[in-house]
Amino acid sequence: MAKTAPCKGLDPLGYLEREGSLALVPHGFRPVVAAARDRLLDVFGARLHSAYLYGSIPRGTARVGRSDLDLLVALREEPTEADRAAARALGDALDKEFEQIDGVGTLLFGRGRLLSEPERYDLGWFVACLCTPLLGEDLAEYLPRYRPDSLLARETNGDLALLLPRWRERIAGADDSEEARRPLVRFMSRHLVRTGFTLVMPRWNGWTSDLREMAEVFGAYYPQRAVQMRTAAEYGYEPVGDPVALRSYVDDLGPWLAEEYARVHGVKARRPD
């Protein structure tokens with residue numbers, strides 16, 4: 001039986017601490033963050049409620065030329081297709097201008113959805129615990145404190161079975177090249193490692209965003225799958241466009257993980273959309 005590790009990422013009362021800070025942004029990425037902040041205001045103006053950083057840049061672990069800029073934007077109303085196109089254009093412009101980053105990913109939502117009851121333990125938790133405020137009023141003020149329990153595990157990653165058919169379609173539709181497959185390996189590797197970690201998170205009773213640590217924590221409880229998860233963690237950081245890896249994700253590791261997740265935590269509640 002795996003030993004219980006000391007609580008990590010929790011405050012003295014056992015709640016998840018918010019990770020990341022603007023103070024932790026590495027010096028080389030600060031011009032990128034400043035430009036993103038200013039241009040978000042230019043693009044969305046008064047419709048912008050708030051904006052956040054997440055990922056390696058606000059955690060202080062970003063690598064120059066290798067890490068992407070991750071943004072979450074909350075609008076006062078639900079975003080339109082024009083809003084999404086504007087966010088993509090902004091991301092493309094930043095990516096071309098700043099060689100420090102390798103791509104920009106922007107999540108775009110309405111304030112109402114982020115604070116809605118169905119999203120309380122998914123997007124709401126994400127904002128409150130994994131996002132660093134960049135602009136506007138912090139929505140975390142309207143959200144509860146969170147513990148690393150089975151409810152949080154179910155509502156964050158309890159939908160893997162629904163995602164796998166879409167992943168198979170993306171793999172089938174990708175060009176037969178290393179370059180085309182590499183982003184898929186990176187994305188799916190990261191998703192599977194995070195899902196594996198949240199499967200065991202309530203037993204470990206803590207939080208980490210480090211993929212390698214996530215894989216090690218998972219492997220302590222599921223040693224028969226430990227090597228697969230460690231490999232996925234490495235591909236999450238250094239992806240290769242390996243078709244064998246992709247097939248193993250959707251034909252072996254993914255289906256097993258989805259079934260075990262449903263057995264342990266249940267299935268994520270369906271969303272209105």
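In this text, all values refer to a predicted model and were calculated from it rather than measured experimentally. Just so you know, these numbers use all the heavy atoms, side chains as well, and skip hydrogens, waters and symmetry mates.
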Using a strict 4.0 Å threshold on nitrogen-to-oxygen distance, state whether Glu119 and Arg113 make a salt bridge. yes
Nearest 0.5 Å, please: how far is CZ in Arg76 from CZ in Arg111? 8.5 Å
Trace of the side chain to side chain contact (heavy atoms under 4.5 Å, CB included) decision for Leu160 with Leu192: CA-CA 9 Å; Leu160 181 58; Leu192 289 173; 4.0 Å; yes
Tell me who clusters with Val267, hydrophobic residues only, linked when side chains sit under 4.5 Å apart either directly or through other members. none
Are Phe197 and Trp204 close enough that their ring centres sit under 6.0 Å apart? yes
Tell me, yes or no, whether the heavy-atom count around Glu77 atom CD, taken from other residues, nucleotides or ligands under 6.0 Å, exceeds 12. no
Please confirm whether the backbone N or O of Thr80 pairs with a side-chain atom of Asp83, one donor and one acceptor, at under 3.5 Å? yes
Search all heavy atoms of Gly241 against all heavy atoms of Val185 and return the closest pair with its distance. CA-CG2, 4.4 Å
Check the hydrophobic clustering (I, L, V, M, F, W, Y; side-chain heavy atoms under 4.5 Å; chains of links allowed) and say if Leu41 and Leu22 are grouped together. yes
Do Val193 and Leu152 belong to the same hydrophobic cluster, where Ile, Leu, Val, Met, Phe, Trp and Tyr are linked whenever their side-chain heavy atoms lie under 4.5 Å apart, directly or via other members? yes
Tell me, do Leu53 and Leu69 make a side-chain contact under 4.5 Å, heavy atoms counted? yes
Angle class for the Tyr222/Phe218 ring planes (parallel below 30°, perpendicular above 60°, tilted otherwise)? parallel
For atom CD of Glu97, decide whether the heavy atoms of other residues, nucleotides or ligands shown that lie under 6.0 angstrom number more than 12. yes
Could you tell me whether the side chains of Ser248 and Gln228 share a donor-acceptor contact shorter than 3.5 Å? no
From CG (Asp251) to CG (Leu246), nearest 0.5 Å: 10.5 Å
Rounded distance (nearest 0.5 Å) linking atom CG of Leu16 with atom CG of Leu10: 5.5 Å
Contact check, side chains of Leu72 and Phe126, non-hydrogen atoms, under 4.5 Å: yes
Determine, step by step, whether Leu75 and Leu108 satisfy the side chain to side chain contact (heavy atoms under 4.5 Å, CB included) criterion, reporting the C-alpha distance in whole Å, the side-chain angles of both residues, the deciding distance to 0.1 Å, and the verdict. CA-CA 8 Å; Leu75 299 182; Leu108 193 62; 4.1 Å; yes
Any heavy-atom pair between the side chains of His265 and Asn157 that's under 4.5 Å? no
Could you list the donor-acceptor pairs under 3.5 angstrom formed by side chains in residues 139-147, with sequence neighbours left out?
{"unit_1": "Tyr142", "atom_1": "OH", "unit_2": "Glu137", "atom_2": "OE2", "d": "2.4"}
{"unit_1": "Arg145", "atom_1": "NH2", "unit_2": "Asp11", "atom_2": "OD2", "d": "2.7"}
{"unit_1": "Tyr146", "atom_1": "OH", "unit_2": "Arg120", "atom_2": "O", "d": "2.6"}
{"unit_1": "Tyr146", "atom_1": "OH", "unit_2": "Trp125", "atom_2": "N", "d": "3.4"}
{"unit_1": "Arg147", "atom_1": "NH1", "unit_2": "Leu13", "atom_2": "O", "d": "2.8"}
{"unit_1": "Arg147", "atom_1": "NH2", "unit_2": "Tyr15", "atom_2": "OH", "d": "3.3"}

Check step by step if side chain to side chain contact (heavy atoms under 4.5 Å, CB included) holds for Leu162 and Lys268. CA-CA 10 Å; Leu162 295 176; Lys268 183 175 183 175; over 6 Å; no
For residues 176-197, the salt bridge (charged side-chain N to carboxylate O under 4.0 Å, His left out) pairs (sequence neighbours left out) are Asp68-Arg186, Asp176-Arg181, Glu178-Arg182
Find the distance between CG (Asp70) and CG (Leu107) and round it off to the nearest 0.5 Å. 7.5 Å
Looking at Asp210 and Lys8, does any basic side-chain N land under 4.0 Å from a carboxylate oxygen? no
For a 4.5 angstrom cut-off between non-hydrogen side-chain atoms, does Val64 reach Phe29? yes
Atom pair CG/OH of Leu135 and Tyr52 - distance to nearest 0.5 Å: 10.0 Å
What I'd like to find out is whether the side chain of Arg88 reaches to under 4.5 Å of the side chain of Thr106, using heavy atoms alone. no
Are side-chain heavy atoms of Leu257 and Arg225 found at a separation under 4.5 Å? no
Are any non-hydrogen side-chain atoms of Val217 and Met201 less than 4.5 angstrom apart? no
Check Ala62 against Ser67 and note the closest heavy-atom contact, atom names and distance. CA-OG, 3.4 Å
Run the side chain to side chain contact (heavy atoms under 4.5 Å, CB included) check on Arg63 and Asp102 step by step: do they pass? CA-CA 10 Å; Arg63 298 175 295 167; Asp102 182 22; over 6 Å; no
If you compare all heavy atoms of Tyr261 against all heavy atoms of Thr195, which two are closest, and at what distance to 0.1 Å? CE1-O, 3.2 Å
Inter-residue atom distance Arg230.CZ - Leu211.CG, 0.5 Å rounding: 14.5 Å
Here the pair of heavy atoms bringing Ile171 nearest to Leu184 is CA-CD1, 4.1 Å
Under 3.5 Å, is there a donor-acceptor pair between the Ser189 and Tyr237 side chains? no
Between Trp256 and Val227, is there a shared hydrophobic cluster once you connect ILVMFWY residues whose side-chain heavy atoms come closer than 4.5 Å? no
Same cluster (ILVMFWY, side-chain, under 4.5 Å), Leu48 and Leu123: no
Could you tell me which non-hydrogen atom of Ala226 sits nearest to which non-hydrogen atom of Gly219, and how far apart they are? CB-CA, 3.7 Å
Compare all side-chain heavy atoms of Val240 with those of Tyr235 and state whether any distance is below 4.5 angstrom. yes
Could you check whether atom CD of Glu78 has more than 12 heavy atoms from other residues, nucleotides or ligands sitting under 6.0 Å from it? yes
Mind listing the closest non-hydrogen atom pair of Thr132 and Pro58 along with its distance? OG1-CB, 3.5 Å
Same cluster for Phe44 and Phe109 if Ile/Leu/Val/Met/Phe/Trp/Tyr side chains link at under 4.5 Å? no
As a quick check of understanding, evaluate salt bridge (Lys or Arg N to Asp or Glu O under 4.0 Å) for Glu81 and Arg84, giving each step before the final call. CA-CA 5 Å; Glu81 286 304 316; Arg84 295 187 177 92; 3.2 Å; yes
